[in-house]
Amino acid sequence: MLQVNYIRENREKVLERLSVRNFKQPELVDEIIKIDEERRSTQTSLDNISAEANAAAKQIGDLMRTGKKYEAEAIKAKTASHKENIKALTEKLTELEAAQFNAIVQLPNLPYDLVPKGSTAEENEVVYLHGAPAALPTKALPHWELAAKYDIIDFELGVKITGAGFPVYKGKGARLQRALINFFLDHATAAGYKEMQVPHLVNAASGFGTGQLPDKEGQMYHSTIDDLYLIPTAEVPVTNLYRDVIVKEEDLPIKNTAYTPCFRREAGSYGAHVRGLNRLHQFDKVEVVQITHPDKSYETLEEMSRYVQSLLHELGLHYRVLRLCGGDMGFTSAMTYDMEVWSAAQERWLEVSSVSNFETYQANRLKLRYKGKEGKAQLAHSLNGSALALPRIVASILENYQTENGIKIPEALVKYTGFDIID
RNA sequence: GGAAAGCUGGCAGAGUGGUCGAAUGCGGCAGUCUUGAAAACUGUUGACUGUAAUAGGUCCGGGGGUUCGAAUCCCUCGCUUUCCGCCA
């Protein structure tokens with residue numbers, strides 16, 4: 001959520017930045033400014049009347065105490081109008097605040113200066129390319145066929161017990177999942193992230209804090225009987241750990257990591273691109289989250305990007321890094337890098353990680369601030385990244401490491417899996 | 001699921017209608033003392049809003065009500081803890 005004062009004082013800049021996203025409702029900006037003017041003048045009127053009412057009440061108190069009951073009654077008679085005015089102005093103010101809030105939550109984050117203008121994925125900027133496509137055997141298979149061939153992931157069994165998009169991992173497939181989770185968590189720990197185990201269901205306040213609510217309500221599984229949401233990513237619980245918190249400036253940066261399953265309804269996405277592991281309703285992911293000083297967040301974004309790349313590097317995958325254009329970025333992000341791994345068998349890039357700087361957008365919703373030894377509390381910056389999401393990494397490993405004798409396990413993973421080939 | 005108690009500043013905790021944004025302790029910050037530190041002592045220390053700066057306003061779990069005046073009384077919702085029940 002953007003800050004009203006910033007919008008008011010930087011109208012041109014806000015409009016210019018929103019155009020980088022091809023934001024469709026720039027008129028919201030002026031609407032917000034207009035509501036804000038009215039809101040503040042209403043607030044001032046209310047404050048003045050409240051001040052009068054407070055003074056009168058105090059005077060009555062003093063008179064009562066000194067036994068001047070008659071004079072007190074005289075002042076009481078005058079206070080009736082205060083009450084009505086306060087009530088009316090309070091109602092007006094509540095309405096204006098609600099209107100302003102409803103408008104402001106519709107504004108996405110402002111893209112950072114480096115973000116290219118654009119509206120579709122084609123306009124993303126490739127900033128780094130690593131490795132070359134794997135040399136595959138002549139009859140290379142896509143991962144869903146490999147999964148069936150070696151009986152390591154069973155999609156049909158998942159359909160039986162739950163539904164499409166909930167695969168069952170079997171034998172070495174299950175073991176590979178567990179190995180990747182441990183591999184990712186160990187590396188995150190080595191990189192200075194503190195491992196956390198967090199709830200997989202969150203309340204509505206948490207969903208709002210990181211921006212899933214109100215606009216992406218339909219994408220989350222909702223346990224209505226208790227009004228709790230299944231997390232779509234560990235970002236939600238891990239970032240909300242700091243909701244309504246003022247951290248000490250010297251404690252920054254805060255670096256946390258967590259493994260969690262992620263649940264996504266993915267309403268409305270079907271077709272060839274969602275085959276196999278490409279898009280699931282439940283999947284596993286290790287997430288890294290940082291809370292930083294505003295001056296350091298872009299430095300941190302680069303650090304996180306390099307960290308994610310180091311994982312792909314170790315797994316020996318051919319990947320590229322994209323800087324997303326304004327239109328392809330998430331609603332809450334100020335700048336995002338996507339890491340994509342080449343799937344030789346599917347002949348397409350698979351997004352395996354997304355690393356974003358949210359600047360103060362989440363912090364403003366979360367009321368996450370930091371405070372130095374002097375001065376006021378300021379909004380901190382929050383960042384997060386997948387490090388990494390398992391399904392597409394598994395797909396990449398299966399596809400890119402397939403041989404005629406079976407699927408080789410990347411060397412760095414062998415000590416975690418305990419085997420070096422799936423056959 | 002049943003019953004009870006509670007929700008106050010970074011934390012603990014007092015406060016049952018007016019002088020309460022709120023005692024006290026801890027913690028934080030500054031200072032005195034010290035070669036330095038600790039201890040002790042002194043002072044200081046909530047957030048938001050608002051102003052050129054003052055002032056003013058709001059906040060004692062959320063919402064509503066009573067009253068000239070509410071942390072305090074009433075209603076309602078939420079949450080937490082404890083006991084009982086069930087149970088990994």
Side-chain angles (χ1 to χ4, degrees), chain A residues 1-9 32-33 35-102 104 197-209 213-214 222-229 237 240-252 254 261 291 360 362-380:
Chain A
M1 189 162 65
L2 299 176
Q3 295 165 86
V4 187
N5 289 351
Y6 183 85
I7 296 173
R8 195 199 321 148
E9 286 158 23
I32 289 163
I33 293 172
I35 295 171
D36 189 52
E37 272 167 26
E38 200 179 346
R39 197 207 94 230
R40 284 184 301 144
S41 80
T42 306
Q43 179 81 62
T44 305
S45 310
L46 177 61
D47 286 357
N48 291 338
I49 294 175
S50 298
E52 278 177 41
N54 287 345
K58 193 165 187 175
Q59 217 179 337
I60 291 167
D62 290 341
L63 292 169
M64 292 294 235
R65 215 167 309 109
T66 50
K68 296 174 182 165
K69 210 173 170 191
Y70 182 76
E71 290 169 45
E73 289 299 330
I75 297 172
K76 259 198 209 183
K78 286 193 226 162
T79 58
S81 69
H82 287 150
K83 247 186 142 174
E84 283 170 33
N85 286 336
I86 286 174
K87 193 171 179 186
L89 284 169
T90 304
E91 275 170 19
K92 189 177 172 194
L93 191 62
T94 306
E95 276 171 33
L96 287 167
E97 281 171 349
Q100 182 169 64
F101 178 82
N102 289 334
I104 208 162
Q197 264 196 30
V198 291
H200 300 167
L201 284 98
V202 294
N203 55 31
S206 297
F208 175 77
L213 295 176
H222 186 191
S223 173
T224 51
I225 192 165
D226 293 307
D227 195 22
L228 295 173
Y229 295 85
N240 271 282
L241 258 16
Y242 298 91
R243 171 153 48 85
D244 294 320
V245 168
I246 300 177
V247 299
K248 286 189 209 151
E249 188 171 6
E250 66 259 35
D251 290 341
L252 299 175
I254 293 166
I291 315 269
T360 59
Q362 287 184 330
N364 191 30
R365 288 188 168 210
L366 292 161
K367 295 214 281 295
L368 160 54
R369 290 164 293 174
Y370 71 92
K371 195 173 168 182
K373 284 187 177 172
E374 48 203 52
K376 289 184 64 170
Q378 306 277 344
L379 293 173

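This structure is a prediction, so every number in the text was calculated from the model and none was measured. Each chain gets a letter, A, B and so on, in the order the sequences are listed, and its residues count up from 1.
- In this structure, CG in Leu89(A) is found 13.0 Å from NZ in Lys87(A), a value given to the nearest 0.5 Å.
- U80(B) and G46(B): their P atoms are spaced 30 Å apart (whole Å).
- When the shell of 6.0 Å around CD of Gln197(A) is examined, it contains 12 or fewer heavy atoms from other residues, nucleotides or ligands.
- C74(B) sits 29 Å from G1(B) when the C1' atoms are compared, rounded to a whole Å.
- Rounded to whole Å, the separation between the C1' atoms of U76(B) and G25(B) comes to 36 Å.
- Taking the salt bridge (charged side-chain N to carboxylate O under 4.0 Å, His left out) definition, one finds that Lys367(A) meets it with Asp244(A), sequence neighbours left out.
- Nucleotide G9(B) holds its P atom 12 Å from the CG atom of Asp244(A), rounded to whole Å.
- Taking the C1' atoms as reference points, C33(B) lies 9 Å from A40(B), given to the whole Å.
- A distance of about 48 Å separates the C1' atoms of U82(B) and U32(B), rounded to the whole Å.
- Spacing of P atoms, U72(B) relative to U58(B), comes out at 15 Å, to the nearest Å.
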Given pairs defined as Watson-Crick or G-U wobble with both distances under 3.5 Å, what dot-bracket annotation applies to RNA chain B, with ( ) intrastrand, [ ] crossing, | other strand and . unpaired?
-> ((((((((.[[[..)..(.....]]]((((((.......))))))((((......)))).[[[[[..)....]]]]])))))))....
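- Rounded to an integer number of Å, the gap from CZ of Arg40(A) to C1' of C48(B) is 16 Å.
- If you measure from atom CD of Glu37(A) to atom C1' of G50(B), you get 16 Å, rounded to the nearest angstrom.
- A search for salt bridge (charged side-chain N to carboxylate O under 4.0 Å, His left out) contacts involving Glu97(A) returns nothing, not counting sequence neighbours.
- For Lys76(A), the salt bridge (charged side-chain N to carboxylate O under 4.0 Å, His left out) criterion is met by Glu73(A), not counting sequence neighbours.
- Arg369(A) pairs by the side chain to side chain donor-acceptor pair (under 3.5 Å) definition with nothing, not counting sequence neighbours.
- Comparing the P positions of A4(B) and C77(B) gives an interatomic distance of 15 Å, to the nearest angstrom.
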Reading nucleotides 62-75 of chain B from 5' to 3' and marking B where a protein heavy atom lies under 4.0 Å of the base, S where only the sugar-phosphate is that close, and - otherwise, the string is -----BBS------
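- With sequence neighbours excluded, no residue satisfies side chain to side chain donor-acceptor pair (under 3.5 Å) with Asn102(A).
- Rounded to whole angstrom, the span from the CD atom of Gln100(A) across to the C1' atom of U49(B) amounts to 13 Å.
- If you take CG of Asp251(A) and C1' of G28(B), they are 13 Å apart, rounded to a whole angstrom.
- The gap from the C1' atom of U34(B) to that of G15(B) amounts to 41 Å, rounded to the nearest Å.
- In this view, His222(A) and Asp227(A) satisfy the side chain to side chain donor-acceptor pair (under 3.5 Å) rule, not counting sequence neighbours.
- Atom CG of Asp62(A) and atom P of G17(B) are 18 Å apart (whole Å).
- The two atoms that bring Ala363(A) and Ala380(A) nearest to each other are CB-O, 3.1 Å, heavy atoms only.
- For U49(B), neither phosphate oxygen OP1 nor OP2 lies less than 4.0 angstrom from any side-chain nitrogen or oxygen of Arg39(A).
- We find that CG of Leu89(A) is positioned 16 Å from C1' of U49(B), with the value rounded to whole Å.
- Sequence neighbours left out, the pairs with a member in residues 40-61 of chain A that pass salt bridge (charged side-chain N to carboxylate O under 4.0 Å, His left out) are Asp36(A)-Arg40(A).
- The side chain of Lys371(A) contributes an N or O atom lying less than 4.0 Å from OP1 or OP2 of A47(B).
- Within the structure, ring pair (Phe, Tyr, Trp, His ring centres under 6.0 Å) contacts touching residues 71-102 of chain A (residues at least two apart or in different chains) are Phe101(A)-Phe208(A).
- Ile246(A) places its CD1 atom 13 Å from the C1' atom of U45(B), with the value rounded to the nearest Å.
- Ser206(A) meets the side chain to side chain donor-acceptor pair (under 3.5 Å) test with Asn203(A), Arg243(A); sequence neighbours excluded.
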Scan nucleotides 57-59 of chain B against the protein and return all N/O pairs shorter than 3.5 Å with their distances rounded to 0.1 Å.
{"residue": "G57(B)", "atom": "OP1", "partner": "Asn54(A)", "partner atom": "ND2", "Å": "3.0"}
{"residue": "G57(B)", "atom": "O2'", "partner": "Asp47(A)", "partner atom": "OD1", "Å": "2.7"}

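- One distance of note links CD of Glu71(A) with CG of Leu63(A); it measures 5.5 Å at 0.5 Å rounding.
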